[in-house]
Amino acid sequence: GAANPAARKLQLDDDLIGETMRRVISHEIGHAIGLPHNMQSSSAYPVDSLRSGSFTQEFGIATTIMEYARQNYIAQPGDENIRFIRKIGPYDKYAVNWGYRVIPDAETPENEKPVLDQWILDKANDPIYRFASSTGYDPSSQTEDLSNDPVQASTYGLMNLKRVVPNLIEWTSTPGEGYDDLEEIYGELIGQWARYAGHVSTNIGGMYQSRKSSDQEGVLYTPVPKDYQQKAMGFLNEHVFSTPDWLLDKEILRRIEHAGALDRVKNLQSRMLNHVMGADVMMRLNETQTFDGDDAYAPLEMLEDLRRGVWSEIYEMTRIDPYRRNLQRVYLDNIKSLFTTDETRNFRGSVDIKNSDIRPFLRVELGLLQNDLERAQTRISDGLTRAHIEDALIRIDDILDAEN
């Protein structure tokens, strides 16, 4: 709705809803002829190309219609002739050609293989023809994302969400009706903010995965560069772990609920914090430092950047608001969980926390935080903040005492 005036109402025009339906049907037809989801396709396009009318009209917003690229959230107000909805792209034509073209000189299926392999090798270094499913650790293969720069893409997306919020009541109101539509769309907006945050958080401890056969040169796994991981952490501290005042619009909230904003923000921020502080993330950071040394984003560097972001008030000597107090308690709960859980398992595998470097790293962080909290406690005058700091110090003592 921010960049596309046609989307600023509940009842979309037939042209727009019709095109959207055709794109969904085309996606499902792709499955019917054997095409799986390709979550890596959108990362082939430069972020600012998706603000170009000529580019998006010719190439779409991802290289394949089989990507979960719902809409062009990168385009900004004033960008002209933008395509907002996905279309059949160059990867689709390449994949269908590979799967269905007759090879006249091949008398058996086995005879086709050298030709098929060569078609893949011919495109091997072109990102337009890459394929991958979503892994949870590869930021170039995520659902609902766009472009080769998740940080900048999410920045553009947030800029648009901030433009939508002040107009949300007007765009969702129907005379004679209540605010059910406003409540639903506001919930969708929060979900979109969470997606943008998730696209960025995957870069912390992220590993790019390339599909290669053993006769192709190069490795399959490459860590996200250190400077980009630091950029991602800066985004999280500025736009995700900070209090989202732009989202907490009293005119909206007082129309849809009597309470709930505190828990809603805490739940979203907790998910992002849980990911960044996940045992699997810290293990990948640790292994990458082992291989790459100073070129890697070291676990202690990441934890320091996170601590200084989540607890910024104690370094700036300012009051801590209720949303941030919630976040800081979640931070300590996450550390406590890593001290009390010996092993974690998820779809990405298992991590032996007890016999890893994770707890030594966290002891260092708790010690530094403890000293910083004690220093701030004597300098910050706000009563609620001082009470929160005292509670945090007790929680840290409990974690360390239980561990000992």
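No hydrogens, no waters, no symmetry mates; every other heavy atom, side chains included, goes into these values.
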(message) Between Arg86 and Asp92, does any side-chain N to carboxylate O distance fall below 4.0 Å?
(response) no

(request) Please name the pair of heavy atoms, one in Pro223 and one in Asp292, separated by the smallest distance, quoted to 0.1 Å. (result) CG-OD2, 3.6 Å

(message) Assess whether a salt bridge exists between Asp321 and Arg325, defined as any Lys/Arg side-chain N lying under 4.0 Å from an Asp/Glu carboxylate O.
(response) no

(request) Can you see which heavy atom on Asp145 is nearest to which on Met39, and at what distance? (result) OD1-O, 4.4 Å

(request) Might you point out which heavy atoms bring Ala392 and Leu373 nearest each other, and give the distance in Å? (result) CB-CD1, 4.0 Å

(request) Evaluate the ring planes of Tyr73 and His199, with Trp represented by its six-membered ring, and classify them as parallel (under 30°), tilted (30 to 60°) or perpendicular (over 60°). (result) parallel

(message) Any non-hydrogen side-chain atom of Val224 less than 4.5 Å from a side-chain atom of Pro139?
(response) yes

(request) Kindly indicate whether a cation-pi arrangement holds for Arg211 with Phe131, taking the cut-offs as under 6.0 Å to the six-membered ring centre and within 45° of the axis. (result) no

(message) Is any side-chain heavy atom of Leu161 closer than 4.5 Å to one of Tyr196?
(response) yes

(request) Going by the side chain to side chain contact (heavy atoms under 4.5 Å, CB included) test, name the single residue among Asn4, Ile61, Ile74 that passes it with Phe84. (result) Asn4

(request) Answer yes or no: is there an ion pair linking Arg386 with Asp382, defined by an N-O contact shorter than 4.0 Å? (result) no

(message) Just verifying a value: how many Å separate Leu327 CG and Lys266 NZ, rounded to the nearest 0.5 Å?
(response) 10.5 Å

(message) Against Ser140, only a single residue in Ser210, Pro127, Ser42, Ser43 fulfils side chain to side chain contact (heavy atoms under 4.5 Å, CB included); can you say which?
(response) Ser43

(request) Quick one: sort the Trp311 and His388 rings into parallel, tilted or perpendicular, breaks at 30° and 60°. (result) parallel

(request) Please round to the nearest 0.5 Å and tell me the distance separating atom CG of Leu393 and atom CD1 of Ile389. (result) 7.5 Å

(message) With side-chain hydrogen bond (donor to acceptor under 3.5 Å, both in side chains) as the criterion, how do Asp305 and Tyr297 come out once you've worked through the C-alpha distance, each side chain's angles and the decisive distance to 0.1 Å?
(response) CA-CA 11 Å; Asp305 291 342; Tyr297 192 28; 2.6 Å; yes

(request) Start with the C-alpha gap between Ser134 and Gln142, add the side-chain angles, then the distance that decides, and say whether side-chain hydrogen bond (donor to acceptor under 3.5 Å, both in side chains) holds. (result) CA-CA 5 Å; Ser134 182; Gln142 303 191 79; over 6 Å; no

(message) When you compare the side chain of Asn203 with that of Tyr137, does any pair of heavy atoms fall below 4.5 Å?
(response) no

(message) Go through it in stages, so that I can follow the logic: the residues are Val265 and Asn326, the test is side-chain contact (heavy atoms from CB on, under 4.5 Å), and I'd like the CA-CA distance, side-chain angles, deciding distance and then a yes or no.
(response) CA-CA 9 Å; Val265 172; Asn326 271 343; over 6 Å; no

(message) So that I can tick it off, tell me whether Glu374 and Arg379 are bridged by a salt bridge, with the cut-off set at under 4.0 angstrom between side-chain N and carboxylate O.
(response) no

(request) Report yes if some heavy atom in the side chain of Val310 is under 4.5 Å from a heavy atom in the side chain of Leu273; otherwise report no. (result) yes

(request) For residues Ile353 and Leu338, report the shortest heavy-atom separation together with the two atoms involved. (result) CG2-O, 3.3 Å

(request) Working to the nearest 0.5 Å, report the span between CD of Glu19 and CD1 of Ile85. (result) 4.5 Å

(request) Indicate yes or no: at least one non-hydrogen side-chain atom of Arg395 is less than 4.5 angstrom from one of Asp333. (result) yes

(request) Report yes if some heavy atom in the side chain of Ile252 is under 4.5 Å from a heavy atom in the side chain of Leu247; otherwise report no. (result) no

(message) Closer than 4.0 angstrom, basic N to acidic O: yes or no for Lys226 and Glu301?
(response) yes

(message) Can you tell me how far apart CD1 (Ile380) and OG1 (Thr385) are? Round to the nearest 0.5 Å.
(response) 6.0 Å

(message) Tell me whether Asp14 at atom CG has more than 12 heavy atoms from other residues, nucleotides or ligands lying less than 6.0 Å away.
(response) no

(message) Between Lys113 and Asp117, does any NZ, NE, NH1 or NH2 come within less than 4.0 Å of an OD or OE carboxylate oxygen?
(response) yes

(request) Evaluate whether atom CG of Asp294 has more than 12 neighbouring non-hydrogen atoms of other residues, nucleotides or ligands under 6.0 angstrom away. (result) no

(request) Would you name the heavy atoms of Ile128 and Thr63 that are closest together and state the gap between them? (result) O-OG1, 3.4 Å

(request) Would you please test Gln216 and Ser213 for side-chain hydrogen bond (donor to acceptor under 3.5 Å, both in side chains) and show each step? (result) CA-CA 6 Å; Gln216 291 177 272; Ser213 56; 3.3 Å; yes

(request) May I ask you to decide if the ring planes of His31 and His27 are parallel, tilted or perpendicular, using 30° and 60° as cut-offs? (result) perpendicular

(request) Begin with the C-alpha distance, continue with both residues' side-chain angles, and end with the deciding distance and a verdict on salt bridge (Lys or Arg N to Asp or Glu O under 4.0 Å) for Arg324 and Glu313. (result) CA-CA 9 Å; Arg324 294 278 290 178; Glu313 294 89 346; 2.8 Å; yes

(message) I'd like to know if Glu170 pairs up with Lys9 as an ion pair, taking the criterion as any Lys NZ or Arg NE/NH1/NH2 lying under 4.0 Å from an Asp or Glu carboxylate oxygen.
(response) no

(message) The test is side-chain contact (heavy atoms from CB on, under 4.5 Å); show your working for Asn72 and Ile82 and say whether it passes.
(response) CA-CA 9 Å; Asn72 186 351; Ile82 295 296; 3.5 Å; yes

(request) Answer yes or no: is there a side-chain heavy-atom contact under 4.5 Å between Tyr331 and Leu306? (result) yes

(request) Indicate yes or no: does Asp372 engage Arg307 in a salt bridge with an N to O separation below 4.0 Å. (result) yes

(request) To the nearest 0.5 Å, tell me how far Leu366 CG sits from Arg359 CZ. (result) 12.5 Å

(message) If only side-chain N and O atoms count, and only distance matters, is there a donor-acceptor pair under 3.5 Å linking Asp397 with Gln370?
(response) yes

(message) When you measure from the centre of the six-membered ring of Tyr68, is the NZ or CZ of Arg70 closer than 6.0 Å and no more than 45° off the axis?
(response) yes

(request) Test Tyr94 against Tyr129 for ring-ring contact (aromatic ring centres under 6.0 Å, His included), laying out the working first. (result) CA-CA 8 Å; Tyr94 161 74; Tyr129 302 102; 4.9 Å; yes

(message) Between Asp126 and Arg130, does any side-chain N to carboxylate O distance fall below 4.0 Å?
(response) no

(request) Taking atom types as modelled, find out whether Asn274 and Asn334 have a side-chain donor-acceptor pair closer than 3.5 angstrom. (result) yes

(request) Write down the atom of Glu257, the atom of Gly260, and the distance for their closest heavy-atom approach. (result) OE2-C, 4.0 Å

(request) Side-chain contact test, heavy atoms from C-beta onward, threshold under 4.5 Å: evaluate it for Tyr228 versus Asp149 and give yes or no. (result) yes

